[in-house]
Amino acid sequence: MAIFTIDEVRKTFTNGEVKEEILKGINLSLREGEITALVGASGSGKSTLLTIAAGLQPASDGKVIFEGTNMINMSSEQVRKVRASKFGFVFQFAHLVPFLTVEEQLMLMLDVSESKLKKHEQKKEVDKILKLVEMDHRKNAYPSSLSGGEKQRVAIARAIIHKPKVLFADEPTASLDSKRSKDVMMLIRNLTKTLNITTLMVTHDEEMLSYVDSIIKMSDGQVLQNAV
Amino acid sequence: MNIAWKEIKKNKVRFMILGSIVFLVSLLTFIISGLANGLSQDNAALIKDLPNGQFYMSKDANETYNMSRIDSSIQDKMLSKQKDAVAFSIQMGFLNDRAGKQQSVAFVTSTDSSLFKNVKKGEIVLDRSMEDKGIKIGDTLTNNQYSGKFIVKGFVDQRKFSHAPVAYINMDAYKEIYRVNEMQLIFVPGGDSTQVAGLQSFSNNQFLNTIASYKAEQMSLNMIVWFLVIISGMLFAIFFYMMNVQKIGLYGILKAIGVKTSALFKMMWTQMLFITVIALVLSVSLSQVFNMIAPKGMPFSLTTDTTVQLSIVFLIIGFIGATLSGIQIKKVEPLQAIQQGEI
Ligand SMILES: Nc1ncnc2c1ncn2[C@@H]1O[C@H](COP(=O)(O)OP(=O)(O)OP(=O)(O)O)[C@@H](O)[C@H]1O
Ligand SMILES: [Mg+2]
């Protein structure tokens, strides 16, 4: 079942006088609970597509349908609400808040998603997720004292603690070595399968493709093939 | 969760630097304003401490009090109509002390009134600052234009005019020294301005502003105070701006995960309020300490009113500065932050 559909999405950037069409009518859909990989040459428009789908920038044309509603027609406040409560994000860098401890990062995310849990329940939830990403022993550490892989694991924990419907990941393993990349990929797979989260992930790394359910290949702003 | 507070706790030094700027600028403003007020007190306490009312001088004096001569028949009429009205004169002059040293004073004489000191012939009452010059009760003072002698009867606090201590003398002595029969001014406390033929009326402030030296001095001091206020406003804005620029990436990430822009503004306002209040508490206390320990000869007077007023102005300025610089927060695109890499 498709939880997320992208329909004829176009994106045009204007650089001075020159108009450049970066996305030339993209169609794709994500099946619930599956991990979909977005691959393709550098500059083919993967990140642009991912951020449009995630509501981080508007499309020039087309539809982005999530849970039956076209996000293109939503106000920015409505989009923010969807982002805060239904989406999770992991990027190449962890982008943790530098002045919050690991535990506080996750508490903040629960706040932002307007979690109905009571304070002590929130703390329990944070402990649970930190155990899943094996970071519970560092819950009082600040980001500056964590290694790259540890930061990324905290970022993943932050992306899923509010039980989002969709996880967007843009090269989540690009800053990690190959062993850590595999660990992080395993983690994403296990977590999304356990929590039934649908995932759209951009990756350059061929090795990561063995962990995904379907692959979409992009070239020059278009989808090339839709293969499993 | 209070992320505003968490950030202050983690970045103490950064916030302390900002706070110390606010502290220093506000302290400087308080001190300058205390000096301005002190000088104004030193220049015209005699007039400033009078209750609100109306001053009258003769029209042909062209708003210069020491050119004014009030006709004695008009004076009698006014004083009989208004029970607490008082006619008085002020002239700068000199007294010779026992050692023969000349002391500059402002001679003041008046008709019977509780607002001025009335002294008998041959007596004199001086501003307390003359005590510091070694003059004591019972001393005998002379004036070159006066045939008699003055015996110091007592001292009064805070009676200054034109930066000189006031010397209250008997009207006959005054008339002899300055060879005049008429008084310069009539003061009617609490009175509304009424038309009196040949006289021009002034409110307390209007009258103070006819004293040229007073007006010029206050204008330049007030200008300094307001420049300081404006400059501190700019400093606030610039420092908040620089801090916000460093935090653009952070704001972007917070926005990306769904934090409301209004929450980011609240975070900034909370931090601004926290810093400004602490800095103001410190600078207010320090300036009050200064008020107490300022050397006697230094005219310094900082009232609670002025302090509260300036503090409110600083809070408003801090708020505006922070908000103006915070407009960037509104503009931050979450995407930029993500593409810019690690924060
Ligand atoms: N804000 C923008 N303004 C102008 N052009 C842009 C903007 N964002 C992206 N582009 C252009 O769109 C094209 C696609 O960019 P995008 O980041 O989506 O590529 P990508 O497939 O993610 O590449 P990579 O694998 O290198 O990350 C690039 O040519 C890029 O220069
Ligand atoms: Mg990219």
Side-chain angles (χ1 to χ4, degrees), chain A residues 47-48 50-52 54-58 76-101 103-115 119 122-123 126 142-144 148 151-152 155 158-159 161-162 164 168 170-171 174-175, chain B residues 1-19 240 242-272 274-275 327-343:
Chain A
S47 297
T48 308
L50 181 109
T51 49
I52 288 176
L56 289 169
Q57 65 173 323
S76 58
E77 172 58 17
Q78 284 170 318
V79 172
R80 183 199 66 77
K81 270 210 168 122
V82 171
R83 275 211 313 270
S85 55
K86 303 279 177 74
F87 292 172
F89 300 94
V90 186
F91 298 100
Q92 180 178 349
F93 297 103
H95 292 302
L96 300 175
V97 180
F99 52 81
L100 296 182
T101 63
E103 186 183 27
E104 287 164 350
Q105 312 269 349
L106 304 192
M107 296 291 278
L108 172 66
M109 194 57 228
L110 285 176
D111 266 6
V112 169
S113 63
E114 290 171 15
S115 155
K119 192 91 183 173
Q122 289 192 0
K123 286 217 170 187
V126 168
Y142 286 96
S144 56
K151 277 188 211 169
Q152 204 60 323
R158 183 178 68 178
I161 183 142
H162 56 302
F168 295 96
D170 195 348
E171 305 187 30
S175 65
Chain B
M1 185 166 52
N2 192 348
I3 51 176
W5 178 238
K6 293 257 154 68
E7 186 183 10
I8 293 180
K9 243 172 63 184
K10 189 80 207 297
N11 296 319
K12 284 193 200 77
V13 176
R14 189 189 292 181
F15 284 93
M16 244 156 66
I17 291 172
L18 184 59
F240 275 111
M242 289 189 339
M243 221 157 85
N244 279 334
V245 165
Q246 290 178 325
K247 280 159 63 174
I248 291 273
L250 171 69
Y251 290 135
I253 293 311
L254 290 173
K255 273 189 173 183
I257 64 171
V259 176
K260 286 187 197 153
T261 307
S262 62
L264 296 178
F265 268 94
K266 261 183 225 148
M267 169 178 171
M268 186 186 67
W269 282 328
T270 313
Q271 292 173 341
M272 171 260 145
F274 177 77
I275 293 170
I327 290 173
Q328 309 154 77
I329 297 179
K330 236 184 117 118
K331 288 200 209 130
V332 177
E333 292 289 339
L335 203 56
Q336 270 171 297
I338 294 161
Q339 284 163 349
Q340 261 159 22
E342 194 64 300
I343 41 171

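In what follows, chains carry the letters A, B, and so on, assigned in the order in which the sequence lines appear, proteins first and then strands, with residues in each chain numbered from 1. Everything numeric in this text was worked out from a predicted model, so none of it was measured.
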K.L.:
If you compare all heavy atoms of Val112(A) against all heavy atoms of Ile257(B), which two are closest, and at what distance to 0.1 Å?
P.N.:
CG1-O, 3.5 Å
K.L.:
Within this structure, what is the OG-NZ distance for the pair Ser144(A) and Lys10(B), rounded to the nearest 0.5 Å?
P.N.:
4.5 Å
K.L.:
With distance as the sole test, does Arg83(A) use its side chain to make a donor-acceptor pair with the main-chain N or O of Val259(B) at under 3.5 Å?
P.N.:
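Such a contact is absent between Arg83(A) side chain and Val259(B) backbone.
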K.L.:
Given Glu77(A) and Lys260(B), is the side-chain contact (heavy atoms from CB on, under 4.5 Å) satisfied, shown in steps?
P.N.:
CA-CA 8 Å; Glu77(A) 172 58 17; Lys260(B) 286 187 197 153; 4.0 Å; yes
K.L.:
Please report the interatomic distance CD1(Ile3(B)) to CE(Met107(A)), rounded to the nearest 0.5 Å.
P.N.:
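Here the rounded value is 13.5 Å.
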K.L.:
Using 0.5 Å steps for rounding, measure from the CD atom of Glu333(B) to the CD atom of Gln57(A).
P.N.:
8.5 Å
K.L.:
Rounded to the nearest 0.5 Å, what's the gap from CD on Glu7(B) to CG on Leu100(A)? Could you check?
P.N.:
9.0 Å
K.L.:
Please classify the contact of Lys9(B) with chain A as side chain, backbone, both or neither, using a heavy-atom distance under 4.5 Å.
P.N.:
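For Lys9(B), there is no contact with chain A at all, as no heavy atom is under 4.5 Å.
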K.L.:
Chain B heavy atoms under 4.5 Å from Tyr142(A): which part of the residue, side chain, backbone, both or neither?
P.N.:
side chain
K.L.:
Distance from Ile253(B) atom CD1 to Phe91(A) atom CZ, nearest 0.5 Å?
P.N.:
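Going from CD1 on Ile253(B) over to CZ on Phe91(A), the span is 7.0 Å.
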K.L.:
Could you tell me whether the side chain of Leu250(B) reaches within less than 4.5 Å of the side chain of Phe99(A), counting heavy atoms only?
P.N.:
yes
K.L.:
Distance check, rounded to the nearest 0.5 Å: Leu254(B) atom CG versus His95(A) atom NE2?
P.N.:
12.0 Å
K.L.:
Are there over 12 heavy-atom neighbours, none belonging to Lys123(A), within less than 6.0 Å of that residue's NZ?
P.N.:
no
